[in-house]
Amino acid sequence: MGRLIGIVLVIWLVIGAFAAFQRGYFDDTDTNCSEASDIALNIVAGPLNYTGINPKVKCADVDTPEPSK
């Protein structure tokens, strides 16, 4: 039973990676927080991507403190 769940999980993630590829998420080599999150979320969503779901993540622009001089 555990082996079947593992196989289904791998197939699910492969379908999600293919959906992210079809949407062009792997074309840009300069990736920011939002794009990386969208890629991960699309891979996890797997086959749900083909039901019209288009998961997106919005990352907050956080100002990091500058070191003192």
Side-chain angles (χ1 to χ4, degrees):
M1 186 67 170
R3 185 178 192 136
L4 177 65
I5 292 172
I7 291 170
V8 169
L9 181 63
V10 168
I11 292 170
W12 181 277
L13 294 175
V14 167
I15 292 171
F18 185 69
F21 173 75
Q22 284 182 322
R23 291 182 177 170
Y25 288 134
F26 299 120
D27 292 342
D28 188 13
T29 58
D30 194 24
T31 305
N32 59 25
C33 171
S34 182
E35 289 176 4
S37 300
D38 286 345
I39 292 169
L41 189 56
N42 274 282
I43 291 173
V44 171
L48 296 177
N49 289 303
Y50 295 105
T51 63
I53 295 174
N54 189 14
K56 295 281 185 182
V57 176
K58 184 174 181 177
C59 295
D61 292 328
V62 179
D63 292 331
T64 56
E66 296 292 323
S68 59
K69 295 182 179 183

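The side-chain hydrogen bond (donor to acceptor under 3.5 Å, both in side chains) test applied to Q22 returns Y50, not counting sequence neighbours. Checked against side chain to side chain contact (heavy atoms under 4.5 Å, CB included), I11 has the following partners two or more places apart in sequence or in another chain: I7, I15.
In this structure, Y25 places its OH atom where more than 12 heavy-atom neighbours from other residues, nucleotides or ligands lie under 6.0 Å away. For F21, the CZ atom is loosely surrounded, since the number of other residues' heavy atoms within 6.0 Å does not exceed 12.
Across all non-hydrogen atoms, the minimal contact from F26 to A17 is CE1-O, 3.5 Å.
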Show me, pair by pair, the donor-acceptor contacts under 3.5 angstrom made by side chains of residues 40-49, not counting sequence neighbours?
| from | atom 1 | to | atom 2 | distance (Å) |
| --- | --- | --- | --- | --- |
| N42 | OD1 | R23 | NH1 | 2.5 |
| N42 | ND2 | D38 | O | 2.8 |
| N49 | OD1 | R23 | NH1 | 3.4 |
| N49 | ND2 | N42 | O | 2.8 |
| N49 | ND2 | G46 | O | 2.8 |

